[in-house]
Every structure is written in structure tokens, then in C-alpha cells.
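What follows is a set of notes on a single structure, which appears directly below.
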Amino acid sequence: MAGADVDVGTELRLGLPGGGAEAAKAGKRGYEDTIDLKLTLPTGGMQEDSAGKPEPAADKAKRPAEAAAADPEKPPAPKAQAVGWPPVRSYRRNAMTVQSVKIKKEEETEKQQPAGAAAGANGSNFVKVSMDGAPYLRKVDLKMYNTYKDLSIALQKMFSTFTATGKIRHRNEGKMVEAVNGSDVVTTYEDKDGDWMLVGDVPWEMFVASCKRLRIMKGSEAIGLAPRAKDKYKNKS
Amino acid sequence: HCSPSARPRSSSRAMSEEDEDQAGAPPKRPRAASPPPPPPPPPPDQVLDNVLETVLQFLRAPGDRGAASLVCRSWHRAESATRASVAVRNILAASPARAARRFPNAHHILLKGRPRFADFNLLPPGWAASAFRPWAAALAAAAFPALRSLSLKRITVTDDDLDLLARSLPPSFRELSLLLCDGFSSRGLASLASHCRGLRVLDVVDCELNEEEDDEVSDWVAAFPRGHTDLESLSFECFTPQVPFAALEALVARSPRLRRLRVNQHVSLGQLRRLMALTPRLTHLGTGSFRPGDGAEDEGLDFGQMLTAFAAAGRANSLVSLSGFRDLAPEYLPTIATVAANLTSMDLSYAPVNPDQVLLFIGQCRSLETLWVLDSVRDEGLQAVAMCCKKLQVLRVLPLDAHEDADELVSEVGLTAISEGCRDLRSILYFCQRMTNAAVISMSHNCPELKVFRLCIMGRHRPDHVTGEPMDEGFGAIVRNCSKLTRLSTSGHLTDRAFEYIGNYGSSLRTLSVAFAGDSDLALQHILQGCSKLEKLEIRDCPFGDAGLLSGMHHFYNMRFVWMSGCSLTLQGCQEVARQLPRMVVELINSQPEIEKTDGVDILYMYRSLEGPREDVPPFVKIL
């Protein structure tokens, strides 16, 4: 597979659904009708998209533009939120997101919420993410993202540490190699019925509603998923 | 080598650079532990050393110890041999070998890793992922043979590290505390439970454990050895998977010395009641969810039963601290009123308690010294606290909704009330959406004992919402009137004037955090040239550049670290610092590793170190 003689064309990308330069390169994968969500591992090259931010914190992923000496009286751009501001740890932030949603619900309905610490229907939707070869799992809150692109940026960040430190085991060499020579990976998800689908096939909202967990796996192992996904959702709609 | 004018003064806490300058490691003192042959009469200078050691054992405060070690060589030797509590407040600053050479008889070791701003996702993961490895190896190789307790803060610790420690720590080892750590999972905890004989304290607090598949989570609670354990303290509130209750109950039942028990959010109210029945002399209780569950332990649970349970704890008069309430069922909240009179510490910071609910118990909390709440208590709740908790020393008001545009729940009204009611206040952390200079000034006058003042106005650059003025005067009053102030965090719209005040009056400040403030380099200059005791400086997103940074050259060796992110520093400026201060490790960190940055400095994190630049450096870090 991807050996030392591979050129830039086989670099791993976490591509935009349905467009952009990455999709053109993804064309060689052979899933013409589907949207490839491939994991781009940091190679030092530029990513064309806007700044993504590390953890699935509740704030949006933009740096404040007013870091430079701006007119101090001018209020900050209303929608751009800063990373890590207000300074509250993500654990607390996430825990409180669940809580405050519950309170709003209680105030509306004046009924007790069902017991249990599982993610609320509107509050958060944490799913486990595993990457083949990574030493441990992560969790993402799908409610934090609005598009496949946002999710792909977050996943990229989450697992970039593994690749940056060479922890991904690549099939061709069986030992730690730099990401740029690595094999292709794709992102798949397990839906409510227990089936494994390629991420990116269906509209975002439908994906979020049906996704139970994510798995980033070797590209070759994902062959055969695409047609099933298409058929499955064709019948459902 | 550093010039005399930049000669480092010994920090009261960290390892002193004086060690290196005093030509080599202190000689090992002969210990009388093993049965010796009858010794010849000691030479005169050794008599003095023995006397010194005996006397110095009574010196406990780190500052005193540091000072004593600087008197002369024999004092240095004696102090090093008798130091029981060793704090390495930056594990990158000193190697374990060096620490072990100097302090071979350490009983307690504290290690701190990441800078605090890493808590807020400003530092990419993997920044110093293997910094603990050499320490684990050294500890396992009995570098500190008398070790009793180990505290780790903001350090990445792997399951393998924990396993190594568990199997190799000396028999004297009793206490392990992991605070804000990450990198391990239930597997590591299971190793500790099964191999660490005689463990008395296992406190896992605010840690981010690795996710595990449900069927791979280790039942570490069941891994403790059979028979009675010596456990005195068990904390696992941050442990996200469910702990099998039968194992937990069995462990508690066979731990007669247990005094501190803090369970995670999966423990239901009915289960809590069972645990409380087994531990009548608890001093610290982390209550888990504080909500009835679905299991057998909760069948038939009602208010009366919980009231009885807490009343029993109240009669025993030992419970002083309550925390948990991770999924509070408010109708059960009044049950804690029966223990409230004896409580000195209460953490409700995960419970969205409203003002009416506060009134259900706060009247009893006459002894409360530490209180953590959410801003859901609103100004009215804080007014109640101010009226009832006259002994309050530490208050944290944390945001229910941590966003800049969240609802305004607390304001200057609450802060003023607290300042008027709680005159003994030492430490406050207050999140709000709006504030006035008047309230802050009022607190500066009413609370002269303040050592820690951390105000977080959540909207960036927000001025005094009544006058529209910057918050300069408020913070100025704090540094001027609170003479004991050692830690300050600023927020809101601040001009250079605020920092002029801080520089002029903040002579006892040791830690300063600044975000989205100031107009120019002048502000940073005021800080660096005025705050002579400054040890920790955290700055984010301020218009400070090289000129400001370079104005602190005379002082950096006396500091533990400087963090500047999102400012206007350049590579040249940072290189200049690195050039002039060879003992500073100057790290330039790219907070977004997947985007190659060519212009400007993203994060500057610099710290003094006896070891020079570290070797395991991730690709997004550049050490100058």
C-alpha cells in the first residue's frame, strides 16, 4: 500500500463533504458517489480551512481578532468567541451544559428529569471515538458541531497527537512512522441499528441523530460500506 | 553563566539555583538508621552538624527552609538532609536525580507539571507527555527510600507509570494524590489498588482519565486486597465510568480507618445512605449524584430516611466537608441542614442551586469557612451567605453557563454583600457578567485579609456597567488596600493605568493573571518593574510586545514562569531573552499544530531550569 515511494497525492486528508481540493484527491479512492471523510494528519502543510480549536468546548472555534492593540473602547466582535474564555475547565463546562439544559426543561415542564447521568436529549451527545492503532479512546460531543467539516477538524486535532508522535501503526511497516507516509484511513460510525456506515453519506442532522459511536479505520477495511449506506437511507426516506 | 546582577535569589519554594553554584552535591550524611558499631567521639564540626539537623527539623515552612539552606555550606547540608517535604513546582526545572541527591530523606514529594492555562485548552495535548517518566523510574528505583506521600498536579501519568510505582514504591509509601492529571485509566488505578500495600490515601481529583470501552474498565475498587485496608481517604469524583456498588460497599465496610470518602456521580442517594451507615466517623464526604437511583439500594428511599442518615452524621460531629451533588435532586437538599452547623467546607459547584434552595440550609452554616457555589444562587443567595457565614474565608462563585453572552445571574450586588458580611475573607474567585468599580473598591476596604482576588467579568473588555469607565480604579484599590494580597486575576476593560497601580502597590504579589487588558507595553513594564516578588505571570491576548517583555530581564530568574499567549511578541524578542538568560528555558509553542505559523509568537512559555532544555519536544514546540 502506501509505501515510501508514495507521493503527496496519498496524504491523509479529512476532507470536506462534497467539495474542495481534497475531494479531488479523494477521487482516486473510488467512492465517486460518496463523500470521503479521510483523516488528514499534520504534515506541516497548510490547511485551507479556518482555525479549528482543540477540544469540543462549548465556544466556537475562532481566535479573537482584537489581540492586537485595537481601540480599547470598541467592543469585541459579537459572535467570535475566544478559546478557553471564560476560563472554566472543559470538564466543568460540559457537566454544566447538561445541567443547565435540565433546569430549563424542569422550569418549562415542572417535572423531574429522569435520573441518571446519561447525556440529555438536547444537552449533549457524547459518542466514543476510536482510532485503529491509537492507545486509547476519546469522546466527542456531536452537539458541539454543525457540519461534517467542524467534526473533521475536531477529530483531526484529537488524533493528531498520536500521529505527530508517531504512534499510529501503519500496515506497510508495522512500526511507528511519520504520518506523511502513512496509509489511508476513513471515518465510520455505528448507527442505531448497529450497522457501520461511512461518515458523510447522509445529511448532518440525520447523522447526529443516528450516530452511536465513531471509528477511524483503515481505508481498505471500509470497502463495501458505501453501497450499503446509500441503499439503507434510500429505503428509509 | 549568569552575571552577578542576574544572580537568582532562592525562591522560597522551588529548587534554588544556588545548588549548582555551590560546587557539587552535598555529601550524604551518615544516618543512624542501621545498627552501627559503637562510634568514635564525633569531630567538633560534625557535632555542630548534628545539632543543626536536630534544630532544623523544627523548621517546616518552605520559606524558612530555603532561607536556612543559604546561610552557609553546613547549614545547606543539614537542611538538605532534614528536609521532609520537597516541592518541585515545575518538573521540567529539576531532574529526579538532582532532587534525590539533595533531598534523600524526603517523606513528601509534590510535583507540578503543566502551566495553569493548559486547563483552558490553550496548550495543545502532548506538550510534555513524558515528563513524568524519569520521575517514575527514579521513584521506582528507590531514589527516595523514606517516601511516604506523592502529590502530582497537572502531570500526564500513564497506566504503566502507575503500575511501575505501585510495584516498586518503598514500604513506607502511604499516600498518592493525583490532581488535574491525565493519561491514565482504571487500569492504572487497579494496579495501585492491588500492589500498593498499606495505601492510606488515594485521591484522584479533577483528573481527565482516558476513555475506555465499557467492557474494558477495570474494577479497581475490587482490586484492593482482601481483609482490612488502611484506607483513610478515597476520592474518585472525577472517575467517569460506573463503579460496581457491591465492590465499593465491601471496600468501605473493610476500611475501618476511612475518614474521607468522595464518590463519583454514579453513586445514588440510596447507595450513599448505605455508605454513610458504614462510616460513622467520616470527616469529608463527596456525595455523588445526590439523587435517588433505580437500583435496589434506592427502593423505598424517602426524605425521612436521608434526614435520619444526615442527622446521625450530625450527632457524630465529625463531618466537616461536603461535596458532590453532581445531579442534585433539590427536594433532598434540606437533609444536609442537620450537619450544616459543623461544616467548614461545602462544594456545591456542580449543583445549580437557586436562591430559595440556598435558604433551606445556609442559616445553619455558621462555621463555614470555604464555599464553592454556582452563580445560580444569584445575588440574593450571596446576600444570604453574607448574612449567615460570618467565618467565611474562601468563596468561589462559578458560572452555570460559561459564555460571554450568558445570562447575568450575579453582579456587583452580590460582591458587595459578601464584602460587607464576610470580613474575614481571604480568597475569592468570582465570575460575573457585570461589575462596578465601587463594589470592588468596597471589597478592598472591607476585607483587609484578602490574599487572593480573582475577578472574572466574562465579557471581554467590559467596563464598569454603571459608569462606563474602565475597571482600573477597582483593581487599583485592591492592590493598594489589601496589603496581604499575593494572587490577582484581572478582567474587564483595563487601561495601562490599572497596571501602573499594580506595579506601584503590588509589592507582595506572587501570581498575576491578565487577559484581554492593557493598551501598550507600558502596562507590562509596570508589572515587571514594580512587582518585585512576582513569581508566576500569566498573560493572554494583550497588546504587549518585545519592549514590554525585555523590561523584565532583571527579574525573570526570580520567577517560576512567564506565560504570554496571543500577544505581540516576535521571535527576535524571545531570542534576546534566551540569549541573555541561559538558564531560562524559552519555549515557543504553536497552539494549533496543524496550521503552520510563520509570523509572530503564538505562546511564549518560559521557566528557569537547572537541567537545560528538555529533550522530548513535540513538533509544535520550539525551544530557543
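Below, each value reflects all heavy atoms present in this structure, side chains not excepted, and no hydrogens, waters or symmetry copies. Residue numbers begin at 1 in each chain, while the letters A, B, ... track the order of the sequences.
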**Prompt:** Do A/Arg215 and A/Glu190 meet the salt-bridge criterion of a basic N to acidic O distance under 4.0 Å?
**Reply:** no
When the 4.5 angstrom heavy-atom criterion is applied to B/Glu213 and chain A, the contacting part is both
Answer key: most heavy-atom pairs under 4.5 Å with chain A among B/Asp616, B/Asp214, B/Thr240, B/Ile457 is B/Asp214
Honestly, the part of B/Phe431 sitting under 4.5 Å from a heavy atom of chain A is side chain
Sorted by chain and residue number, the side chain to side chain donor-acceptor pair (under 3.5 Å) partners of B/Ser185 (sequence neighbours excluded) come out as B/Asp159, B/Glu212
Scored by heavy-atom pairs under 4.5 Å with chain A, the best of B/Leu180, B/Leu398, B/Asp206 is B/Asp206
Salt bridge (charged side-chain N to carboxylate O under 4.0 Å, His left out) filter on B/Asp347, not counting sequence neighbours, yields none
Does B/Arg291 qualify as a cation-pi partner of B/Tyr332, given the criterion of NZ or CZ under 6.0 Å from the six-membered ring centre and within 45 degrees of its axis?
no
